[in-house]
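Just the heavy atoms: all of them, side chains too, but no hydrogens, waters or symmetry mates, feed the values below. Lettering follows sequence order; numbering is per chain, from 1. Because the structure is a prediction, the values reported are computed rather than measured.
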Amino acid sequence: MSVYAAGIDIGSAFSKGVIFKNKQTLGFCCIPSGGDYRATAEKIKKELLSKTGLSSPAPIFTVATGLGAKMVGFADVIRTELSCHARGIITIFPSVRTVVDIGDSYSRALRIDEHGHLLKFLLSGKCAGGSARILKKIAKILQVKLEELGPLSLRSQKQVDFNTNCAVFAESEAVSRIAEGASKEDLLAGIHRALAAQVNNLAERVGIEKDYALVGGGAKDEGLVKAVELMNGFNLVVPSEPLLTAALGAAILAEEMAPA
Amino acid sequence: MAEEQKKNENQKRRTATKAASMIGPMVKELIAATHRAKAEGKKLAYTFISCHYEEIVRAMDVVPVWTENFAGICGAKRDAERFLSRAESLDFSRSLCSYALCGIGFDQWREDLGEMPPDPPWGGQGRPDMMLSSGQILCDPRNKWYQAAQQFMPDVPNYNFSIPWPLYDDDIELTEIEPYYIKYIVSELKGLIAFLETQTQKRMDYDRLGELVNLTERTWNMIWETYELRRAVPTPMDTGDAMNTMVPWAFMMATQESYNFFAELNRELKEKIARKEGVIKDEKYRLLWGGGLPAWFALKDFNYFNSKGAVFPVETTYRLIEPIYRLNIPDTNDPLERIAYRWFRYWTYMYDKAKKRPGSEPDVERLIQFIEDYKIDGVVMHEAFSCRTWHLGLIWQLSQLKKIYKPVPFLTIGPDGTKNVEHRELPTLILESDIIDINSYSEADTRNRIDAFIETLESIKKQREN
Amino acid sequence: MEEKQKGMWPLVEKYYQDYGSRARELKKDGIKFMGYICSFVPVEIIRAAGFVPFRIRGNVHEPITKGNTQLETIACPFMRSCFDLSFKGHYDFCEGVIIPHACDSMTRSYSVWKYSLGLPYSHFVNVPHTVNAASLQFFEAELNTFRKSLGRYAGKEINTAEIAQAITAYNQLRKKVKALYELRKTNPPLVSGTEMAKLLTVTAGLPVEEANLLCDQALDQLPQRTAPSDKKFPRILIDGACIDNIDLVQLVEESGASVVADDLCLGMRDFWPTTDVDQDPLKALSRRYLEKLNCPRTFRQSPGGSLSDDLQARFGDMGAHIKEFGVDGIIIYVYKYCDPFGFEVSARKAYLSSLGVSILYLEDEYSAGTIGRLRTRIQAFLEMMG
């Protein structure tokens, strides 16, 4: 009997888990990472187990990934989130060759082949420039929910340009724009354009080959997705659960690696 | 507690060669020697590496104090921050060359106290009697650093000699411009000698200068031949060690000790090769360190690469030499002309080769040469944010390399099942931090990038084997 | 205001807002343009070859985007903006680009400009760092190499008479600009710093004859102005590298000061030195660009040996302008990642404070957003000056 395979992705904002058997996803979960990654990993394991419907703990082969992968005490193997994203996305969309993961502390651009092998990658610079962090900060300043950012931005009427690339400075630039009287909608559209340019630069540097997918927390923001699409002049693909790609990839790798 | 942490971070990098493990004490002695010389009344001069004035300075019995070396030591000891922030408080932006900031912060502190700052790394940097700036075509700090430092030691004269070389341009014939470049460089070298003669109240001994030029040329050849031994599979020495063995190249050129060091390293590498002894047992990936100065506080990352089966048999950094016999220096007995030709022809050596490959450039051509000669699987570069000199243009070099050079065979299967072999570019990795400003560095982030890069190399290797 | 009184200002405004619009018009008539960056490119030679030299300009209002795929963000932000706009095709009427050896950001990015823009012509002008008889000779030879190279591209030999003609035209422009600066000496000045910044920026993208005409019109019109008000504002000099957008100057003037002088590339640094006409044109050009153009990238051996001699040799021209223009305060404005200027801030401050003027040092990126953040500091500086 084959074992269950789990992929656990501990990110700086959210931690994600996927449980997998015989190439089927049995369940997944996504919880805030909090300050104790070890405990978070255990919590995810428990929740995933409950989704297998088994009453007693079954043998699980786990691949851990993400910023906090080393904190997953029960991990059998650790892989970087880049390889995991690559495997995850190719399973969801076999036609994808370029991926950008817009995460909380980094964005990552990947070029992959038809087997989901990593060919080339680039990470955004430090200081969270080009990452989804700015979206969180802006939501806080404007006192709106994260999921409202996209719809608001799409209602923008007027172009507001946003100059800074660093998340910290961008925050203060946003405040000065508000002081100058820019509307929420226009301000958000400006931020989305600026972030889209940074995200797309990463993709251009690894070389854009279609299909082009966006994943990670930033991909849940339709305002940002639209901005990247406008920049390229074609549609992007976004999985229905964009946060889970790396965890899914990790689970797939786990099933391959698990001892028969 | 904090002390202990510092010590832990300071754990030594594991060296592959005996020669590299001797470098620490050598550098310490180099600095101690400057303090002894000062006490004996010899003249000390602040100097920059690779300005081709080593022979002149040594022939005049002036003792060089290598300011880049001292800043690097502060960085390697993770003790640069207090000097960097001191410079910042004097209105020097933290975005400027952090070697220079460290040096200026240290100098101003020393001048302020009238003695060395507390716990100076390895005894500190001695007060110079003069400073030798060099405006070239790269490295603005070589032109500005000592001028800025002079504000805090106004009695120390600063002499600037300008030694340009031409940038690569398709529409320029080197033979047409070389004469006026050589003439100017020689004149600037003469100006430097006149300045040193005034400072030391001594005349230049041109015979001795000629001997030191000979010695330097022999040392260049020896370094080249020695480093070329690293082509062996498995490679007996990698870039981690070369970041140590740069010391006798950069700070000891035109001395017999420098020559002897490389002769000894040559012997050691040959022995290792005979025993098939590599840097690591199971060499899986051979990488080129294709650009960027190292993060001096994180040299252990080279060991981390090694732990993943990766070695660096070659690097472009600190390999600013060519075998002299390839440079075709015209017959001349004038040591100044020989220095001038060596300078000009070293920098322009790759131009003809670059012209023959459309879209190429000398820097890219050098990458290709090393990739082929050393059987390279991937290229790694380091972007140090505070240094434009060696780090601007690296992104472009990689993208140009990708366009003109695709050595990796790749099997693709078309929709109808036909197999095709395509060629793709080598995988590349850019690390980001600084030469000595540790605030710019994250170990977790760096190692995450290295891990992902190794995974890329792994998947390419698998496909190659299929 | 009457149209007549407005004079050439609406045209200046148009060219400023749409920099390059005149070039696009003229290109339709077959006039050729050659792009360049930095004050170290001898525009006279470009002109003599039959091209209009077009100074490539950045835009603080346009975020740097595509350029970042080619060029590291550790480069000078001003140059990155220039490159970004060029890469996006804003200046595609230029047949080539000429870049001088001014600083690492330019030298190291030359290949990137050359290959990324894919222009038919490009050239790098090497400039030595020292000023002495040998370096002047070397530079003259290097200018001759440039002359021959550009001549080959233009399909003609650029002769001495043509260069001499171009020298005369550009000397005229510089003299006219100098005459315009005279109008800033009154208190309050007859022309605002913002207007001057706009005019000077615009001249760098026009044929020299048209630039001269604009200056002539300004010289006709401005003296007839009556001083805008009796109120006397603090008189400010801005010291820095290349400022080619009005935003900083405007911010200072909106905050209640008059910008009356500068030490900037699109200002006194470049417009003050003229080219000698009594000697061989290339020799004269090598003197103007190497010896007379005072930029921190060129090293001047200290004459007396003391620090105060050295500071006088390096910054004495600015000291004279401070006196001449009755300057009360200096804003030193330096871009992040600028090694040539960055290493001088401390010395500049030391020199300027010995003259007894107030000093504000600002380090900035190249963007309207970050300039806006300087407002409070500038206002506080002006308040402190009283």
Part of [X] lying under 4.5 Å from any heavy atom of chain B:
X: C/Q70; result: both
X: C/Q137; result: side chain
X: C/N132; result: side chain
X: C/Y337; result: both

### Query
Which one, C/A134, C/S111, C/P128, leads in non-hydrogen pairs under 4.5 Å with chain B?
C/S111
#### Entry: Members of residues 117-125 of chain C whose heavy atoms come closer than 4.5 Å to chain B
C/Y121, C/S122, C/H123, C/F124
[Y] backbone acceptor or donor facing [X] side chain under 3.5 Å:
X: C/S105; Y: C/C76; answer: yes
X: B/T316; Y: B/G290; answer: yes
X: C/S81; Y: C/F78; answer: no
X: C/T370; Y: C/Y366; answer: no
X: B/D140; Y: C/D104; answer: yes

### Query
Who are the side-chain hydrogen bond (donor to acceptor under 3.5 Å, both in side chains) partners of B/S360, not counting sequence neighbours?
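Checked B/S360 against side-chain hydrogen bond (donor to acceptor under 3.5 Å, both in side chains); matches are B/E365.
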### Message
Could you check whether atom CD of C/E157 has more than 12 heavy atoms from other residues, nucleotides or ligands sitting under 6.0 Å from it?
### Response
no
